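Worksheet: the structure to be examined is printed underneath.
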Amino acid sequence: MKKFKTEPNFFKMKIEYAIIIKNKTRLESLIDRFNTKAQAQFYIESLGGNFQEYVDEHDTFYHSFLEVQTQLSKIIKNKIVEKEFIPSYIFSEKNLIVVIGQDGLVANVAKYSKNVPIVAINPDEERYDGVLLPFNTKNFLNGINSVINESFSSNKMEFAEVVLNDGQKLLAVNDLFIGISSHSSARYKVTLNGKEEIHSSSGIIVSTKTGSTGWLSSIFNMAFGLLGDVGIEYPKLSEDDLYFVVREPFKSKRTQTSICGGKLKKGTQLIIESLMPNNGFIFSDGIEKDFLQFNSGATAEIKLSDESAVLVIN
């Protein structure tokens with residue numbers, strides 16, 4: 001598991017309720033799309049796909065999920081909240097968050113957690129990397145009990161933050177995307193350390209250390225694949241660093257390409273002014289439905305947030 005800042009926690013607020021957060025399996029999403037399991041199977045197999053893989057993944061998840069829910073119910077009252085409702089859900093200091101799913105689900109939940117401790121469980125260790133999932137179905141009660149007993153150790157997850165000039169704000173555990181909601185080019189002015197440029201690109205990615213093994217890594221993998229080992233080094237980030245990359249910048253008489261990426265130390269601000277009359281948007285951690293409009297007249301300030309999340313480790 002990736003190392004984060006580890007620190008003891010001493011909560012004086014009595015935990016009364018556990019909120020179990022899950023996401024739909026791929027099989028459930030297919031059934032939503034095709035109405036029945038049989039129709040979903042026919043579609044996948046008619047294209048040469050392996051439908052059984054979806055079934056096995058689904059069954060493994062729900063076996064783990066039911067085991068977690070059964071064990072948890074013996075200790076504390078709990079209820080289930082689906083991922084899609086998290087952006088509007090209000091957590092209480094009397095809650096404990098239990099996430100069961102992939103690493104990305106932890107990231108999606110963390111930015112809405114308001115420092116409520118998160119116990120994250122890997123339901124399928126053969127499929128999921130578990131970078132943000134310290135527990136499994138056999139040991140997660142250790143984390144639950146340590147929170148209930150008001151003393152536990154945690155990793156502090158830092159956020160990236162974007163604030164618009166109208167006051168709207170969005171947090172990211174993994175990464176922010178600033179660009180356009182189509183395959184056309186995003187147009188904007190970028191300012192870094194007093195230097196300005198006009199850009200035409202596929203948008204900007206801003207990554208935290210937590211998210212640096214995800215989308216950011218794929219950009220560097222592309223560079224390595226195209227150029228080989230020519231002095232390109234993967235960025236080494238501290239908890240207080242962000243890293244930004246401009247995707248596919250286009251150079252022309254009106255657009256420049258010298259501000260294409262780099263580390264943003266704590267206190268450094270990246271300013272982006274939209275030059276897009278429509279379809280400009282900003283989203284975080286892969287949740288495109290939870291976005292900020294970013295059209296002409298909007299300016300975004302990007303920096304390390306003062307807010308953070310608490311990921312329980314024991």
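Heavy-atom basis, side chains included; hydrogens, waters and symmetry copies ignored. Since this is a predicted model, take the numbers as computed values, not measurements.
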Please determine if [X] and [Y] form a salt bridge, counting it only when a charged side-chain N lies under 4.0 Å from a carboxylate O.
X    : Y    : answer
K266 : D241 : no
E93  : K114 : no
K169 : E161 : yes

- Message: Check this for me: Y17, atom OH, are more than 12 non-hydrogen atoms of other residues, nucleotides or ligands nearer than 6.0 Å?
- Response: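 More than 12 within 6.0 Å, yes.
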- Query: What is the distance from atom NZ of K209 to atom OG of S238, rounded to the nearest 0.5 Å?
  - Reply: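 Reported to 0.5 Å precision, the distance equals 7.0 Å.
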- Item | Separation between CD of E57 and CZ of R127, rounded to the nearest 0.5 Å |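 These two atoms lie 5.0 Å from each other.
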- Query: When you measure from the side chain of S217 to the backbone N and O of T213, does any donor-acceptor pair fall under 3.5 Å?
  - Reply: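 Yes; judged by distance alone, with no hydrogens or angles, the pair exists.
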Checking [Y] against [X]: is there a side-chain donor and acceptor pair closer than 3.5 Å?
X    : Y    : result
T25  : Y54  : no
K22  : Y62  : yes
S146 : N314 : no

- Message: Walk me through whether K265 and D240 qualify under side-chain contact (heavy atoms from CB on, under 4.5 Å).
- Response: CA-CA 7 Å; K265 304 294 292 183; D240 294 334; over 6 Å; no
- Query: Using 30° and 60° as the class limits, which term best fits the ring planes of W215 and F283: parallel, tilted or perpendicular?
  - Reply: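 Correct class here is parallel.
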